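Single-structure report; data block below.
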Amino acid sequence: MALPGARARGWAAAARAAQRRRRVENAGGSPSPEPAGRRAALYVHWPYCEKRCSYCNFNKYIPRRVEEAAMQKCLVTEAQTLLRLSGVQRVESVFFGGGTPSLASPHTVAAVLEAVAQTAHLPADSEVTLEANPTSAPGSRLAEFGAAGVNRLSIGLQSLDDTELRLLGRMHSACDALRTLAEARRLFPGRVSVDLMLGLPAQQVGLWLGQLQELLHHCDDHLSLYQLSLERGTALFAQVQRGALPAPDPELAAEMYQRGRAVLREAGFHQYEVSNFARNGALSTHNWTYWQCGQYLGIGPGAHGRFMPQGAGGHTREARIQTLEPDNWMKEVMLFGHGTRKRVPLGRLELLEEVLALGLRTDVGITHQHWQQFEPQLTLWDVFGANKEVQELLERGLLQLDHRCVGGCRAEGAEAYQGALTTALHRPRRSEKD
């Protein structure tokens with residue numbers, strides 16, 4: 001595949017060579033030399049799909065025709081603009097999500113990666129993930145994405161039952177999924193993640209566990225278990241509302257989740273986040289940035305970001321949302337260099353709430369060292385040590401607060417103790433100034 005320019009070819013070749021050398025480390029590996037404020041992850045949103053799945057309420061569109069050259073140009077422009085605006089000097093990971101980014105041309109992926117490499121430092125061994133659906137990702141196309149610089153795939157498999165796939169509105173069959181998975185593993189060994197859903201209407205625990213066991217014969221080293229969330233405005237929500245389908249049973253979903261965790265643990269997978277499991281060190285470094293409350297730039301229609309606009313003299317982290325509708329977003333990018341529709345400065349307590357909410361999803365919780373990156377004045381002991389609700393959770397064995405961290409003793413119970421920690425966080429302390 002011809003990439004756009006010699007430098008792009010050089011970067012993609014260096015990335016492939018680095019990947020061959022790379023030894024995957026855990027998420028707590030050696031820090032990068034740049035200060036944390038100068039590092040970020042990059043999310044790129046491809047908003048188009050072939051059809052809308054029955055459960056999906058993401059920002060996606062089913063176009064008659066995609067003006068990919070215009071979309072590519074705008075993605076490149078916005079990436080360059082926001083990188084300069086943020087002052088980010090090192091991009092540690094790139095994630096192409098959607099929508100269905102495997103419908104995009106590999107040339108578009110290569111152009112975005114080249115723009116990032118020209119504007120900031122994109123190390124050759126950076127994790128570059130592409131979401132792919134089985135029907136849009138034949139082996140030859142996956143190989144072209146690899147040549148463009150992609151080195152990790154996330155496959156939206158969702159189910160190995162054809163009846164469930166039809167219920168979800170998926171276009172692929174279970175055979176399609178396994179065929180794509182096999183080809184992906186051949187091309188990206190050790191770097192393929194798959195999604196499996198649980199808690200569907202009328203889904204049975206035993207049959208679902210059979211799917212999981214079958215998947216373990218075919219999958220790579222990363223797997224995500226996601227419980228179905230019925231979202232208002234989706235076709236599946238409407239079917240349940242009018243009684244055409246039974247409502248998902250939360251007790252059965254909880255049983256699937258607990259028993260699924262046990263199956264994965266026996267297969268050598270480590271649960272490092274509520275929904276995510278890895279073995280052989282194959283954690284998603286991009287998602288780990290989110291859970292550690294690191295900076296990330298959101299590129300493309302409807303993308304979200306969290307970063308401090310240091311390049312524009314800013315000193316406060318902002319939550320940013322790009323314009324949703326692709327045509328309007330492209331007009332804004334062509335006029336202003338980016339399509340940011342909403343900017344919300346994050347106050348101190350808002351940022352600390354995010355540190356808590358995201359960190360409690362992980363197996364390591366929030367370490368004292370990590371907490372002090374965001375709150376150097378008050379330690380975890382200062383904030384939570386004397387709180388009555390926190391003490392009750394500690395006594396019940398639901399929470400851990402020790403010399404290492406604050407964290408949940410059961411990964412799936414984050415919501416149960418997050419409220420008490422948030423309440424304690426907002427409570428005034430004598431050591432704080434008015």
Side-chain angles (χ1 to χ4, degrees), residues 24-32 35-36 39 224-225 254 257-258 260-262 264-266 268-285 287-295 306 317 346-433:
V24 178
E25 300 174 352
N26 63 29
S30 302
S32 304
R39 306 194 305 264
S224 300
L225 298 183
Y257 178 71
Q258 293 288 11
R261 292 175 66 213
L264 290 172
R265 185 166 55 246
E266 291 173 7
F269 282 85
H270 168 65
Q271 183 177 17
Y272 69 102
E273 191 267 346
V274 169
S275 298
N276 287 271
F277 302 77
R279 60 188 174 191
N280 299 324
L283 287 71
S284 168
T285 59
N287 287 340
W288 192 258
T289 296
Y290 296 156
W291 300 321
Q292 291 291 284
C293 227
Q295 291 197 121
R306 294 284 193 282
R317 184 183 291 215
L346 296 176
R348 169 176 166 268
L349 286 178
E350 291 171 305
L351 180 55
L352 293 178
E353 282 183 1
E354 289 196 353
V355 172
L356 281 175
L358 296 169
L360 287 171
R361 294 184 63 89
T362 70
D363 64 324
V364 299
I366 302 105
T367 66
H368 293 275
Q369 294 83 356
H370 181 64
W371 174 262
Q372 294 212 302
Q373 292 179 27
F374 300 92
E375 176 48 87
Q377 303 302 318
L378 294 169
T379 69
L380 289 172
W381 295 107
D382 294 331
V383 179
F384 304 117
N387 181 267
K388 181 180 177 181
E389 291 90 343
V390 171
Q391 288 299 322
E392 291 176 354
L393 291 169
L394 291 170
E395 291 169 5
R396 292 168 59 192
L398 296 175
L399 192 69
Q400 172 184 327
L401 176 59
D402 55 24
H403 67 282
R404 189 178 67 87
C405 70
V406 60
C409 295
R410 292 200 290 266
E412 75 279 11
E415 294 81 359
Y417 40 78
Q418 183 182 326
L421 293 177
T422 302
T423 300
L425 177 64
H426 281 264
R427 187 162 293 151
R429 280 160 291 278
R430 291 179 182 177
S431 59
E432 291 188 69
K433 296 181 180 179

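Bear in mind the structure is a predicted one, so any value in this text is a computation, not a measurement.
- For the pair R348 and L378, the tightest heavy-atom approach, listed with the atom from each and the gap, is NH2-CD1, 3.6 Å.
- When atom types are taken as modelled, the side chain of H270 and the backbone of N280 share no donor-acceptor pair closer than 3.5 angstrom.
- V390 approaches L399 most closely through the heavy-atom pair CG1-CD2, 3.7 Å.
- The aromatic rings of H370 and F374 sit perpendicular to each other, their planes meeting at more than 60°, with 30° as the lower class boundary.
- Within the 4.5 Å cutoff, side-chain heavy atoms of C293 are placed close to those of L351.
- The distance from the CG atom of D363 to the CG atom of N276 is 11.0 Å, given to the nearest 0.5 Å.
- Annotation: side chain of F384 is not in contact with side chain of T379 (no heavy-atom distance under 4.5 Å).
- E375 has its side chain out of reach of V355: every pair of non-hydrogen atoms, C-beta onward, lies at least 4.5 Å apart.
- Side-chain atoms of D382 do not come within 3.5 Å of backbone N or O of G385 as any donor-acceptor pair.
- With a 4.5 Å cut-off on side-chain heavy atoms, K388 and Q391 do not count as touching.
- For the residue pair R404 and Q369, the shortest heavy atom distance occurs at O-OE1, 4.5 Å.
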### Task
Carefully, step by step, assess L225 and L264 under the rule side chain to side chain contact (heavy atoms under 4.5 Å, CB included).
CA-CA 10 Å; L225 298 183; L264 290 172; 3.8 Å; yes

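- In this structure, CZ on F277 lies 9.0 Å from CZ on R265, to the nearest 0.5 angstrom.
- The two residues L394 and L401 have their closest heavy-atom pair at CD2-N, 3.5 Å.
- Nearest heavy atoms, G407 versus L360: CA-CD2, 4.0 Å.
- Taking 4.5 Å as the limit, every side-chain heavy atom of W288 sits out of range of all side-chain heavy atoms of E273.
- Looking only at side-chain heavy atoms (C-beta outward), L358 and Q292 stay at 4.5 Å or farther from each other.
- At a threshold of 4.5 Å between non-hydrogen side-chain atoms, the residues S284 and Y272 count as touching.
- Side-chain contact between R317 and R306: present, with at least one pair of heavy atoms (C-beta onward) separated by less than 4.5 Å.
- Listed here is the closest heavy atom pair of W381 and H403: CZ2-N, 4.0 Å.
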